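Contents: one structure, followed by commentary.
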Amino acid sequence: MRISEDFLRVGATVIFVGFIVLLLGVVLTVLQHPASSQMGGLIMLGPIPIAFGSSPEITINMLGIGLLVTILYLFLWKTKR
């Protein structure tokens, strides 16, 4: 049982550090280029992508990434069965 607790702590730490790095990246980007910063995001609800962005180009790019992830998800789900 000790090994599973260690993996849980390492996994939680890696996720926490990832969020901190992501947050710092966004803040530093906005501080360095405040006028030209464009941001977008992608929320996956199961295989359904929800895309948003600060400009139409970013939103379309996020939607394209979401569709690729959806296709990959469906492909892997079909090959698993």
Side-chain angles (χ1 to χ4, degrees):
M1 288 302 223
R2 178 76 177 142
I3 294 174
S4 62
E5 292 173 5
D6 290 341
F7 277 124
L8 182 64
R9 285 188 183 141
V10 169
T13 303
V14 168
I15 290 171
F16 180 72
V17 169
F19 277 120
I20 295 298
V21 168
L22 182 69
L23 181 65
L24 285 174
V26 169
V27 169
L28 290 175
T29 300
V30 170
L31 289 176
Q32 289 177 357
H33 309 289
S36 65
S37 296
Q38 294 185 356
M39 300 195 185
L42 178 67
I43 300 172
M44 296 294 292
L45 295 176
I48 301 169
I50 299 173
F52 58 91
S54 60
S55 69
E57 295 86 19
I58 297 294
T59 305
I60 290 171
N61 289 339
M62 290 291 113
L63 188 58
I65 291 170
L67 290 175
L68 286 175
V69 170
T70 300
I71 291 169
L72 180 65
Y73 169 78
L74 293 174
F75 174 74
L76 292 174
W77 182 64
K78 286 290 185 181
T79 57
K80 182 180 170 186
R81 291 182 163 211

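All figures in this text were calculated on a predicted structure; none of them were measured in a lab.
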Working to the nearest 0.5 angstrom, can you tell me the gap between [X] [atom1] and [Y] [atom2]?
X     : Y     : atom1 : atom2 : result
Leu28 : Leu23 : CG    : CG    : 9.5 Å
Leu76 : Ile71 : CG    : CD1   : 12.0 Å
Ile50 : Leu63 : CD1   : CG    : 11.0 Å
Leu67 : Leu72 : CG    : CG    : 12.5 Å

Are [X] and [Y] grouped together when hydrophobic residues (ILVMFWY) are joined by side-chain heavy atoms under 4.5 angstrom apart?
X     : Y     : answer
Ile60 : Met44 : no
Val14 : Leu22 : no
Leu68 : Ile48 : no

Quiz item: What's the shortest heavy-atom distance between Leu42 and Met62, and which atoms?
Solution: CD1-O, 3.6 Å
Quiz prompt | Heavy-atom closest contact (Gly66 atom, Pro49 atom, distance) | solution = CA-CB, 3.8 Å
Exercise. Please answer whether the main-chain N or O of Pro47 pairs with a side-chain N or O of Thr70 as donor and acceptor at a distance below 3.5 Å.
Key: yes
